[in-house]
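The structure appears right after this line, and notes come after that.
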Amino acid sequence: MSLSATPDPAAATPLTAPSRVAKPRHGRSAIPPAARHVRGWRYFAGLFGGEHIAATEFVIGVTFVTMGVGTMELLLGLLIGNLLAVASWTLVTTPIAVETRRSLFSYLEQITGPYFSKIYNTAILLFYGALAAAMITVSAYAVRFAFGLPVQLEPYPTSLAFIVITMLLGTVVIVVAARGFEAMANFATICAPWMLACFVCGGAAALPMLAFAVTGDTGMSSFGEFLEVAHASIWTGTTPEGEPGISVWEVAAFAWANGAMVHLGLIDMATFRFAHRKWYGVFSGVGMFLGHYIGWIAAGLMGAGAAVILGKPLMALDSADVAFSVLGYVGVLAVICAGWTTANACLYRAGLAASTLMPSMSRGKVTAIVGGFIVIAACFPFVAQSIMPLTVYGAILLCPIGAIVIAEHYLLPRMGLTRYWSRYLGQSLNPAALITWGVSLAFAVVVFMTGAISFYFIFIPEYLIALVVYPLAASYLGARDTWPADEARQAAREEALAKFERKRLEEFGEDDDDDPSQEHTARLAKWLLVGAGAVLVFMIAFAVRLVVTAPDGEALVVMQKDFFLTAAALTVTYFLLSMAAMRATDGPDSDDG
């Protein structure tokens, strides 16, 4: 899962909704603002490409190696799991987001009341807070490496200097999250393509060394040779302790669960409420197959290659050791940037969630307070070492909420029950929603404690249980009743929105016509972006050259050193071109006032 910053304010700030909508619950406009500001497909392809290429990919890709997954199990499992994730965004998240044009946090408050929203925001605070701490730790690993400090392999810190570095880095993250999120979001957008290039280059640079260690030859001439090398030195099917690794279905379940809290859990309604059409969820595939497929595989190659280069077991290395071994200081910079940008976005979201719980304090002050606790947690490497289970815990914790909303929106009307019944009753907390969430989590805890099914599968039956329990509980707690006047007003509002949507589609049949991301884009900026893209292509080609042309082990070492210098020069060039393109793009906006 990758939760980097996004330049879209609406996508980045949905957690403010509960505090805003709690008062005027019955006086909203029939046409939500998102319906007037829809975006075309290019926006969502770019957004997912940037949001799911981040620091977590370094950790997850390497962790798959240590979990003993087999090569074909990994390749096939990631394919299945990422396809399921794209299907979830396409069939579950985007349709309801487009139909309502509202974020989950706004819609959930209407369904369950403000008190339930506060409970939910507490869960969001815990999840994103833990993820922010893990990402600060990942960045601290890279800074630790630059200063020559010892690797942090224990669950607790073993170096006072590492604690100081983590505290200083965390302070920077807090300041940016509290005051400068927009600038950091823009920086993250620039970093995303470069980080993907770093993953690909790192994997390509590691392959010849792995091939040499296995076959005595640095080159590979076929996919079959790649599979042979991968099975022998990377994804072997057994753990470092000699135990059988996880199965193809567990890999698939993890790849699906990694983003389940935002697609099945509907958090990404905040993003897709701006979608031009309901099928735009397919563009999540850009992030899934560039970040979660290519990124995880490349990170695994990098980890195994680093272990061979350094002559140490992979368990004795952290992300900075891995990145430096195959990419030089460009790799260290990639780890720092990836961890920093992801931590900033996660802390920002955690701060927004906390601000709904402490409305009397400013968001910046609340973010700083939350950030203080997060930075303390970041000093403990255990948090970063738990990235994979953390993302699954997030799915288990938050997915039932998405099932409750889906059941309210689609199932209740089909069962002859009244949608928004709790609101019509004037309840501040929907008891059926609370019971459903409690039952779902209790099931998850029991299954986890007994080991009845694999940890990675728990969120699936849990989600189905919530879909069943909520309508049953609602039917006994008030959804069988009717409120003709309230229902008539709601139906009129929904018809007004539907009429507006039909008119919009008639007037703007082509997606690009109403895509604000295409406005004021200077011709100079386009050429600069083309140049930046060409730089990354050349950087990848130079890395692939190592696989194709290195004649022997000694020549490979020399060529790798040349690649380190070339990659550093190309990285500087890329950032100069990208930042110049951003300034050129923003220029006309400033002129227009």
Check the pair Y463, I460 against side-chain contact (heavy atoms from CB on, under 4.5 Å), reporting the backbone distance first and the verdict last. CA-CA 5 Å; Y463 194 83; I460 302 173; 6.0 Å; no
Can you check whether [X] reaches [Y] side chain to side chain, under 4.5 Å on heavy atoms?
X    : Y    : result
L429 : T112 : no
T71  : I234 : no
F254 : F64  : yes
L301 : F226 : yes
P400 : T436 : no
F199 : L290 : no
Y410 : P95  : yes
W296 : L74  : no

Verify the ring-centre separation between [Y] and [X]: is it less than 6.0 angstrom?
X    : Y    : result
W89  : Y280 : no
F44  : H276 : no
F448 : F443 : no
W249 : Y456 : no

Provide the closest heavy-atom pair for [X] versus [Y] in the form atom of the first, atom of the second, distance.
X    : Y    : result
G203 : M302 : N-CG, 3.7 Å
E154 : P381 : O-CB, 3.4 Å
C399 : M261 : SG-N, 4.1 Å
H263 : S88  : ND1-CB, 3.3 Å
L411 : L467 : CD1-O, 3.7 Å
G372 : I174 : N-CD1, 3.8 Å

Between [X] and [Y], is there a donor-acceptor pair closer than 3.5 Å when you use the side chain of the first and the backbone of the second?
X    : Y    : value
Q110 : Y420 : no
T236 : A232 : no
S284 : G281 : yes
T66  : T63  : yes
S103 : A270 : no
S386 : L390 : no

Return the orientation label for the [X] and [Y] ring planes: parallel under 30°, perpendicular over 60°, tilted otherwise.
X    : Y    : answer
Y120 : F105 : tilted
W279 : F283 : tilted
W437 : F116 : tilted

Give the intermediate values and the outcome of ring-ring contact (aromatic ring centres under 6.0 Å, His included) for residues W256 and F459. CA-CA 10 Å; W256 191 15; F459 79 100; 5.3 Å; yes
For R101 and V38: C-alpha separation, side-chain torsions, deciding distance, then whether side-chain contact (heavy atoms from CB on, under 4.5 Å) applies. CA-CA 10 Å; R101 295 293 181 191; V38 297; 3.8 Å; yes
In terms of side-chain heavy atoms, does E462 have a donor or acceptor partner in S440 at a distance below 3.5 Å?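 Distance-only check fails for E462 and S440.
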Taking atom types as modelled, is there a side-chain donor on N430 or Y470 under 3.5 Å from an acceptor on the other?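 The answer is yes; a qualifying pair exists.
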[X] side, atom [atom1]; [Y] side, atom [atom2] - distance, nearest 0.5 Å:
X    : Y    : atom1 : atom2 : value
T367 : I374 : OG1   : CD1   : 9.0 Å
L108 : I404 : CG    : CD1   : 7.5 Å
L104 : I267 : CG    : CD1   : 6.5 Å
L434 : S422 : CG    : OG    : 11.0 Å
I60  : T391 : CD1   : OG1   : 5.5 Å
L83  : I80  : CG    : CD1   : 8.0 Å

Heavy atoms from other residues, nucleotides or ligands near NE2 of H409 exceed 12 (cutoff 6.0 Å): yes
Would you sort out whether T100 and M269 count as a side-chain contact (heavy atoms from CB on, under 4.5 Å), showing the intermediate values? CA-CA 9 Å; T100 63; M269 279 180 66; 3.6 Å; yes
Chi angles and distances behind the side-chain contact (heavy atoms from CB on, under 4.5 Å) call for M67, E250: CA-CA 11 Å; M67 294 178 71; E250 288 175 304; over 6 Å; no
Is a salt bridge present between R273 and D268, judged by a nitrogen-to-oxygen distance below 4.0 Å? no
